[in-house]
Structure formats: C-alpha cells, structure tokens
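Working notes for the structure below.
From a predicted model like this one, the values you see are computed outputs, not experimental measurements.
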Amino acid sequence: MEHAPIVVHRISPSGGRRVTVRVEGDERILGLARSDADVIEFLRRAGVPDPDELVLGGSKLIDWVGGEPGRYDAEPSDTDIP
C-alpha cells in the first residue's frame, strides 16, 4: 500500500509531532511541529507548493498518524503530578 508522501507522526509524550516527507524513496525529517503553522512552515522550507492549502484543506498528500489533524498537545499521563 502506498502511503502519503508527507507524514505528520503521532504526538510525542512531551507534545508536538514529527513531520517527515518522502522524496524518491528517502524519508527526510522536517522538524517537530507544535502547531499547524509549524507544519506549513516546514513544508514551505522543503519547497512544497501551497503548503497552507495542503495542511488546512485536508489533502490526501498528508497522512496524520495516531491523532486528528490540528492536535499537537500530549495527553496527561496517570503518573503526572498535579
């Protein structure tokens, strides 16, 4: 099965999501996004055309793994001290 060339990975335990892009079979890490604006900026720097439309428009070129688009905050764990 072919995956989308842009992947926004699962939310890390400390918050944020790694963003990768696959080009010619190689996966490149673009950065750790803490907002849609971060994802848009990473894609802009990578030369992706119209990154804001891709991120905000729900493009099939982006695979949002392990969470809804637009979510970047980690869930509090049961071991967190209030």
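The closest side-chain heavy-atom distance from W64 to R17 is below 4.5 Å. Contact annotation: the side chain of D38 never approaches that of V19 to less than 4.5 Å [non-hydrogen atoms, C-beta and beyond]. With a 4.5 Å cut-off on side-chain heavy atoms, I62 and V8 count as touching. Residues R18 and I29 meet the side-chain proximity criterion, which asks for heavy atoms closer than 4.5 Å.
Taking CD of E27 as the start and CD1 of I6 as the end, the distance is 12.0 Å to the nearest 0.5 Å. The distance from atom CG of D73 to atom OG of S12, rounded to the nearest 0.5 Å, is 10.0 Å. Interatomic distance, D63 CG to R22 CZ, rounded to the nearest 0.5 Å: 9.5 Å. E68 contributes atom CD, which lies 9.0 Å from atom CD1 of I11 (distance to the nearest 0.5 angstrom).
A donor-acceptor contact shorter than 3.5 Å is absent between the side chain of R28 and the backbone of V23.
A pairwise comparison of heavy atoms in A4 and K60 identifies CB-O, 3.6 Å as the closest pair. Summarising the geometry of I40 relative to P51, their closest heavy-atom pair is O-CB, 3.7 Å, with the distance given to 0.1 Å. The shortest non-hydrogen separation linking P13 to A74 is O-CB, 3.1 Å.
There is no path of hydrophobic side-chain contacts, each under 4.5 Å, that joins L32 to F42.
Checking V65, V7, L30 one by one against T20, the side chain to side chain contact (heavy atoms under 4.5 Å, CB included) holds for a single residue, V7.
Residues forming a salt bridge (Lys or Arg N to Asp or Glu O under 4.0 Å) with R71 (at least two apart in sequence, or on another chain): E75.
Counted by atom type alone, Y72 and D36 present one or more donor-acceptor pairs between their side chains at under 3.5 Å.
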